[in-house]
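For reference, the structure discussed in these notes is given below.
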Amino acid sequence: MRQSRHIGKTMREAPKDAQTVAHALMVRGGYIQQLSAGIYIYLPLLLRTLNKISQIVREEMTIAGSEELLMPALQSRELWEESARWERYTAIDGIMFAFKDRRGATVCLGPTHEEVVTDILRRDTKSYKDLPKNVFQIQTKFRDEIRPRFGLMRAREFIMKDAYSFDLDEAGLDVSYEAMRKAYHRICERIGFQYRAVAADPGAIGGSGSQEFMVLADTGEDTILFCDACDFAANQEKAAGRLEEYPQETEHKPMEAVLGEGLIGTESLAKFLGIPLWKTTKTLIFEADDKIVAVMVRGDCDVNEVKVVNRLGCKSLKLAPPERIKTLTGAEVGYAGPIGLPADVLILADQYVNNRVNFECGANQTNYHNVNVNFGRDLGLPEFGDYRLAKENDGCPQCSGKLKSTRGIEIGHIFKLGTKYSQAMKCNYLDAEGKSKPAVMGCYGIGVTRIAAACVEQNHDEKGIIWPAQIAPYHAHLIALNIEEENLRQQAEALYTRLQNERIEVLYDDRPLRAGEKFGDADLMGIPVRLTVSKRTGDQVEFKLRKDPKSELTSVDEAVRRIKELCGLK
RNA sequence: CGGAGCGUAGCUCAGCUUGGUAGAGCGCCAGCUUUGGGAGCUGGAUGCCGCAGGUUCAAAUCCUGUCGCUCCGACCA
């Protein structure tokens, strides 16, 4: 492609709404343009990269035994009512774009395709001989995100590969899931990501197990915890950390309420009372849908709201507003405790709240704190469970190692769905005994546009993008300097033709600009190989890798050979 | 949806407090010089100051409404 005819001008300054490096570089490099909130134009350079990412994904899915199809993005309401997700996705979460067609029928743009794919497979599946099946598609998805952000990272319209497996039973699902898991690892490896597969919370999609594929980046929206000694790795919202248990006193002292005026927060309280932080207790009052729930964690810990939601099965969970806390506990915010709460309030306590002798908790009276509290004597046993947010330096739940923390971008998520959708939508088969059984499903998503953004986030320097050759928009960037000199122009044109004949994808900068501008644009765009011809290069060519600061003169033949080797061309 | 902020030239932004009819840098166009890391000089074009009302002799500026965008939270590939 001639750059003089290329659409997508580079910009020297980033638009002010670009918050992350990847977003800014993609806008500046002429990869994307914003049309409205969370809606982006994929300019020619980006489209080439997206196609290459898609091709890698396609190849690996095919090798893993999945068959490609393409489902409609425009879907009808009926299927979503069959799976009982219509209400949740429209009225409750509002994540789905839904509107009426000219006849007044309600239609929607697919945020995901469990319904449609289950509908397809139930027509195709009659006998146990029809399974297993696995299909995938690469398609534009629509999600009315509450807060789109960071350019392609969280957009309202984006490209996703989604695959769905249908098996006879759990054992079959395990096999399908494992094949997808391996394929996801190969995809990440082929793109050259620094990444980790982590245990994840399945969230609203449901199911028995899931893993996220996280590209490591400081700007990632997720925190992941991993063990420094074994292979344990999990999303922070899923992880269970191990805490040190402290030796306890043997004597149960009498409980008393201590005046500690204005002491909000366990740290200042522990200091004031002269007790270790772990003896204090945080009691948080939540509104779970329309019920009130109290959650206790040790004073040195925080509540993991995802775990609480999973325990309660509620739709929404948020901290109760101050007025509600006041009427409930009779105290200002900051003095809530488990003793004396109304009987209908469910009290959940993290397991590490237990096994403490003479601990502290709020007294439900402004400025007062109960000390020397003991379960069984001063209050009944609450429901214990794991409700604490794991964090860095916790003990590993699998071994004696310690957890480390890092940020990640979730580019893929694989789920064991089970029979949630097949049961609701009657995707059944007859087994060898003639008994009807629901297919056991898995679903596997990977964000194609998000991979592009994550890749830029992980591969750039102060000058611009540094694409790995596998997904770069072009293999080579041919820079012609002094192009107003006819003989040099002809030389550059000849080289351009030669490269094209060699099936090398080349962007040819034929613009009559100064060297600085052309090199600056090349660095910004990030094409892996830069070839320069000028009056200095004679019948040779300057060969430079984007990731490498040094350049050298080589013959054209040698340059072609190197490019083909780097890009895996024959 | 709750909280915060921003809409002025293609991009980044100044001007608004204290109303007087539009500015800078970069980019763009022309010419000359320059020519391997975003060069210099000269000349030039570009704005429904987001939109709609209101106040006023007069509104980019004050008021009201509205639309759009961004950031912080819950959602997710």
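Here is the naming used below: chain letters follow the sequence lines, and residue numbers restart at 1 for every chain.
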If you measure from the C1' atom in B:A77 to the same atom in B:G37, how many Å do you get, rounded? 39 Å
Using the P atom on both, measure B:G20 against B:A58 and round to a whole Å.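 These two P atoms come out 14 Å apart once rounded.
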Protein-nucleotide distance ([X], atom [atom1]; [N], atom [atom2]), rounded to Å:
X        : N     : atom1 : atom2 : value
A:Tyr195 : B:A77 : OH    : P     : 19 Å
A:Lys318 : B:C75 : NZ    : C1'   : 14 Å
A:Glu517 : B:C26 : CD    : P     : 13 Å
A:Ile95  : B:C1  : CD1   : P     : 15 Å
A:Ile159 : B:C76 : CD1   : P     : 22 Å

Using a heavy-atom cut-off of 4.0 Å across all strands, would you classify [X] as base, sugar-phosphate, or nothing?
X        : result
A:Met96  : nothing
A:Pro148 : sugar-phosphate
A:Asp162 : nothing
A:Gln34  : sugar-phosphate
A:Gly412 : sugar-phosphate
A:Ala155 : base
A:Asp222 : base
A:Gln19  : sugar-phosphate
A:Ile411 : sugar-phosphate

If you find the nucleotide of RNA chain B closest to A:Phe158 and the one closest to A:Met11, which residue's nucleotide is nearer the 5' end?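 The residue mapped nearer the 5' terminus is A:Met11.
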Nearest-nucleotide comparison on RNA chain B, the residue closer to the 5′ end among A:Ala14 and A:Thr537: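 The 5'-side residue here is A:Ala14.
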Counting only side-chain heavy atoms from C-beta out, which of [options] sits nearest to [X]?
X        : options             : result
A:Met160 : B:A77, B:U35, B:C69 : B:A77
A:Phe150 : B:G36, B:A77, B:C71 : B:C71
A:Arg12  : B:U70, B:C26, B:C76 : B:C26
A:Ile146 : B:C1, B:C71, B:G37  : B:C1
A:Lys535 : B:G73, B:G36, B:A77 : B:G36

Hey, is the side chain of A:Arg147 poking within less than 4.0 Å of OP1 or OP2 on B:G73, counting only N and O atoms? yes
Has A:Arg28 got a side-chain N or O lying under 4.0 Å from the OP1 or OP2 atom of B:U12?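 No, A:Arg28 has no side-chain N/O under 4.0 Å of OP1/OP2 on B:U12.
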Surrounding CD1 of A:Ile7 (heavy atoms of other residues, nucleotides or ligands, distance under 6.0 Å), is the total greater than 12?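 No, not enclosed.
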Below 4.0 angstrom, N of the basic side chain to O of the carboxylate: do A:Arg181 and A:Glu178 qualify? yes
Taking only Lys NZ, Arg NE, NH1 and NH2, and the carboxylate oxygens of Asp or Glu, determine whether A:Glu59 and A:Arg190 approach each other closer than 4.0 Å. yes
Which label fits A:Tyr31 and A:Trp467: parallel for a plane angle under 30°, tilted from 30 to 60°, or perpendicular past 60°?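 A:Tyr31 vs A:Trp467 ring planes: tilted.
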With no angle test and no hydrogens, is the base of [N] tied to the side chain of [X] by a donor-acceptor pair under 3.5 Å?
X        : N     : answer
A:Glu13  : B:G25 : yes
A:Arg450 : B:C76 : yes
A:Arg530 : B:G37 : yes
A:Asn482 : B:G36 : no
A:Glu542 : B:G36 : yes
A:Arg514 : B:U34 : yes
A:Arg154 : B:C76 : yes

My understanding is that only one of A:Ile41, A:Ile39, A:Asp17 makes a side chain to side chain contact (heavy atoms under 4.5 Å, CB included) with A:Gln34; could you say which?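 That would be A:Asp17; it is the only one of A:Ile41, A:Ile39, A:Asp17 passing the side chain to side chain contact (heavy atoms under 4.5 Å, CB included) with A:Gln34.
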Between A:Gln19 (side chain) and A:Phe150 (backbone), is there a donor-acceptor pair under 3.5 Å? no
Backbone N/O of A:Arg147 and side chain of A:Glu145: donor-acceptor pair under 3.5 Å: no
